[in-house]
Amino acid sequence: MTPDGALQIPFAGITQVSGLTIEQATSVLKSKLTKIYPALSSGQTHLTVNLGTTRSIRVTVKGEVRTPGSYTLSSLATFPNALYHSGGPNANGSLRYIKLIRNNKLYKTIDFYSFLQSGVQEGNIRLEDQDVIQIPVYKKRVGISGEVKTRPFMN
């Protein structure tokens with residue numbers, strides 16, 4: 001495999017698998033190899049794809065975060081992994097309107113609070129090398145004192 005995620009397969013040519021899940025890579029490889037190994041389509045022969053080692057990526061977390069800085073993470077890391085490594089937002093930080101900057105452009109604005117409340121996975125984005133995460137200052141804050149009973153988030 002080349003550093004850019006391409007496989008050179010004898011008699012099948014070059015196949016790009018960078019950024020694919022194991023299932024997607026298996027599907028792509030199987031469709032390419034079926035032409036050379038017809039037994040793959042009949043089920044007489046099986047194809048197994050697994051991941052040997054992962055590369056590292058550098059992600060910068062800045063803004064209203066407990067420990068701002070640059071972090072070395074697995075290339076399989078997602079947004080919550082970076083948030084965990086940086087210690088999360090500080091006292092002035094917000095879990096809403098978090099900016100993910102990729103290739104010097106705003107890639108996505110993440111509302112991580114919705115993930116914490118309801119498990120919505122839209123903030124579970126796989127990170128790439130040189131991504132920057134900007135934690136903003138909170139816009140609104142509500143305080144409650146005394147005993148509080150929480151209830152499940154309802155839509």
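Bear in mind the structure is a predicted one, so any value in this text is a computation, not a measurement. Positions are given from 1 along the sequence.
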Does anything in residues 89-99 pair up under salt bridge (charged side-chain N to carboxylate O under 4.0 Å, His left out), and if so which pairs, sequence neighbours excluded? R96-D111
Restricting to non-hydrogen atoms, name the atom on V65 and the atom on G88 that form the minimum distance, rounded to 0.1 Å. CG2-O, 3.3 Å
To the nearest 0.5 Å, tell me how far I98 CD1 sits from I135 CD1. 4.0 Å
Do you know the tightest heavy-atom contact between S41 and T34? CB-CG2, 3.6 Å
Search all heavy atoms of V59 against all heavy atoms of A82 and return the closest pair with its distance. CG1-CB, 4.4 Å
L73 versus S56: any side-chain heavy-atom pair under 4.5 Å? no
Check whether any side-chain heavy atom of L29 lies under 4.5 Å from a side-chain heavy atom of L7, and answer yes or no. yes
So, applying side chain to side chain contact (heavy atoms under 4.5 Å, CB included) with L127, which one of I133, N81, T78 is it? I133
Atom NE2 of H46 and atom OG1 of T26: how far apart are they, to the nearest 0.5 Å? 13.5 Å
By the salt bridge (charged side-chain N to carboxylate O under 4.0 Å, His left out) test, which pairs, at least two apart or in different chains, include something from residues 73-86? none
Are L106 and Y97 connected, step by step, through hydrophobic side chains (Ile, Leu, Val, Met, Phe, Trp, Tyr) whose heavy atoms are closer than 4.5 Å? no
Spatial distance of atom OG (S94) from atom OH (Y113) [nearest 0.5 Å]: 10.0 Å
Where is the tightest heavy-atom contact between D131 and E128, given as atom of each residue plus distance? OD2-N, 2.8 Å
Heavy-atom pair of closest approach, residues P10 and I36: O-CD1, 4.4 Å
Applying side chain to side chain donor-acceptor pair (under 3.5 Å), can you list everything that pairs with E64, at least two apart in sequence or on another chain? N90
Once you round to the nearest 0.5 Å, how far does CZ of R102 lie from NZ of K105? 12.5 Å
Are L95 and V137 grouped together when hydrophobic residues (ILVMFWY) are joined by side-chain heavy atoms under 4.5 angstrom apart? no
What class does the angle between the rings of Y71 and H85 fall in, given that below 30° is parallel, 30 to 60° is tilted and above 60° is perpendicular? tilted
Got a second to check how far F112's CZ is from I125's CD1, nearest 0.5 Å? 10.5 Å
Under 4.5 Å between side-chain heavy atoms, hopping through other hydrophobics if needed: is there a path connecting V61 to Y84? no
Within a strict 4.5 Å, meaning less than it, do heavy atoms of the I110 and L100 side chains meet? yes
Measure across I14 and Q8 and return the closest heavy-atom pair with its distance rounded to 0.1 Å. CG1-OE1, 2.9 Å
Transitive ILVMFWY cluster of I101, excluding itself - 4.5 Å side-chain cut-off: V132
Checking T72 now: which residues fulfil side chain to side chain donor-acceptor pair (under 3.5 Å) with it, not counting sequence neighbours? R58
Sort and list the pairs that fulfil salt bridge (charged side-chain N to carboxylate O under 4.0 Å, His left out) and have at least one residue in residues 13-31, not counting sequence neighbours. none
Say whether Y138 and L83 are linked into one hydrophobic cluster, either directly or through other cluster members, by side-chain heavy-atom distances under 4.5 angstrom. no
